[in-house]
Amino acid sequence: MQPVSVSEHVTWVGAVDWDLRDFHGFETPHGSTYNAYLVRGTAQTALIDTVKTPFVPELLSRIGKLIDLAEIDLIVVNHVEPDHNSGLRDVMAACPNARVVASASGVRGVAEYHDGLVIEQVGAADVIDLGGVTLQFLPAPMVHWPDSMFTYCPEDAVLLCNDAFGQHLATSERFADEAGLDLSLEQLRVYYANILLPLGSQIAKALEKVSAAGWAPGIIAPSHGVIWRGDQVGEVIAAYQKWGSGALLDKAVIVYSTMWGSTDELARTIADALVQEGVDVEVFDLAATGMAHIMRELLDARGLLVGSPTLHHGMLYRVAGFLQYLAGLKPADRVAASFGSYGWSSGATAQVDERLAAIGIEVVQPPYTQKFRPNAADLEAARAWGAEFAAKVKAAGTAAAAPPEA
Ligand code: FEO
């Protein structure tokens, strides 16, 4: 694959990871990319970001199709997470004339990751003139780590924002409109739900700082997936603002695991009751669906129901794994409850409720527990329990929409 021109001075030279199927526990069925960009002025050339170590030869080979590596004067480290930074030392070795810059926290991160490697700090007051084209910088802490930084090329109106606006999407196309807008926007949502969900307020601050700095990007070039241009720029910023606002729907995600089918039967019965009461549902057996897709649905769902039968006095391991994944992403303002079957010993639902509360999710009603198999009367009771939960989902939505008391 050849380097791809992004704008007059900016060229994509990154790497495509076609085979990536797991990104620290986040399933990535479409693979990903580690985007890096060359910015070429009349006097100097900068490389924005590097790549994961195994992809350094691909990066260097792509740059080598444009220039001699010795011509790189500057390497900008926008983020020290290893998917972008683990290859830094190898890239530096191949680019002997490059100085390396990062945010203050990035400088510390590079030193810690690379055995004391010393690089230079840049911040919002710095402008690096490459000759006819400049680079500006904006620390964007927690988008995605404390060191995260945005780089902006004002002459071309290109925002190089690393993880922000990224998607885990490996394609032979570099722009969202070429790869398919629906697929690109869908992967933007999945990425946000699984990486950035707990960071909505920091993302909002970063976007405010972009506006306050007078940056008006016409192209958003992230370090994962495809590049946004034209009307898509406003569209993806609006999507981030919507998700960051925490607006939720009268919708519930029902997630469960089952041993002999009783908890599965409860899940489907409860789902029917919610739909009957006007609450949309998405139902997931954890043995069949990965957590990234479940989080994609929970992104705008106000309700969460977690089902587990009891095994060895506690919840099934898949449910425990999901709750651990959920704890990291800390969805706010959800209402939740648990359900499940048991045989000779109960215990799973109490454990689920305790874990939900520890995560900070409000458990709004006692669990529905079922000994052995549900009969017709039990299913009616489960249906009533589901209807009660539906009312609580809707009531929470009404409360959230009400103006604050004077
Ligand atoms: Fe793509 Fe936070 O690393």
Side-chain angles (χ1 to χ4, degrees), residues 12-37 47-56 58-59 75-91 100 102-110 112-114 119 137-151 159-171 174 176 184 187-203 205-207 220-228 236 240 243-244 291-292 295 325 328-330:
W12 175 87
V13 288
V16 182
D17 191 347
W18 296 99
D19 296 323
L20 185 77
R21 292 293 177 268
D22 181 291
F23 186 87
H24 55 51
F26 163 6
E27 312 90 40
T28 53
H30 299 281
S32 193
T33 68
Y34 313 111
N35 295 337
Y37 301 91
L47 173 65
I48 315 299
D49 284 319
T50 59
V51 296
K52 202 169 163 179
T53 303
F55 294 87
V56 168
E58 183 177 338
L59 170 74
I75 298 171
V76 177
V77 178
N78 272 328
H79 183 26
V80 301
E81 193 164 8
D83 49 333
H84 310 288
N85 166 57
S86 59
L88 177 64
R89 266 198 189 273
D90 293 346
V91 175
V100 183
S103 68
S105 179
V107 169
R108 292 193 293 276
V110 164
E112 286 163 1
Y113 189 85
H114 292 288
I119 63 170
F137 309 95
L138 204 54
M142 300 316 295
V143 188
H144 159 226
W145 279 6
D147 63 280
S148 294
M149 182 171 82
F150 294 171
T151 297
L159 180 64
L160 303 142
C161 47
N162 199 268
D163 280 343
F165 301 104
Q167 338 88 49
H168 285 314
L169 184 56
T171 76
R174 297 278 61 82
S184 304
Q187 292 309 310
L188 181 82
R189 174 178 173 139
V190 173
Y191 186 96
Y192 186 98
N194 286 276
I195 300 270
L196 301 175
L197 180 60
L199 307 172
S201 62
Q202 289 94 334
I203 292 167
K205 273 185 208 148
L207 293 177
I220 291 182
S223 287
H224 294 294
V226 291
I227 299 165
W228 310 99
V236 297
Y240 263 40
W243 297 327
M291 292 187 235
M295 289 310 302
Y325 193 80
L329 294 168
K330 295 183 180 62

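Atoms within a ligand are numbered from 1 in the order they appear, just like the ligands themselves.
For atom 2 (Fe) of ligand 1, the nearest N, O or S atom contributed by Glu81 is named OE1. Looking at Asp83, its N, O or S atom nearest to atom 1 (Fe) of ligand 1 turns out to be OD2. Sorting the N, O or S atoms of His144 by how far they are from atom 2 (Fe) of ligand 1 puts ND1 first.
Checked against His79 for a ring-ring contact (aromatic ring centres under 6.0 Å, His included), the options Tyr34, Trp145, Tyr113 give a single hit: Trp145. Here the options are Leu188, Leu196, Ile203, the test is side-chain contact (heavy atoms from CB on, under 4.5 Å), and the partner is Trp243; only Leu188 passes.
Between atom 1 (Fe) of ligand 1 and His224 there is an N/O/S contact shorter than 2.8 Å. At a cut-off of 2.8 Å, His84 coordinates atom 1 (Fe) of ligand 1 through an N, O or S atom. Distances from atom 1 (Fe) of ligand 1 show that Asp163 has an N/O/S atom below 2.8 Å.
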Inset, instruction - Might you work through the side chain to side chain donor-acceptor pair (under 3.5 Å) test for Thr28 and His168, ending with a clear yes or no? - result: CA-CA 6 Å; Thr28 53; His168 285 314; over 6 Å; no

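Remark: the backbone N or O of Asp83 is not paired with any side-chain donor or acceptor of Ser86 at under 3.5 angstrom.
For the residue pair Asp163 / His84, a side-chain donor-acceptor distance below 3.5 Å is found, with atom types taken as modelled.
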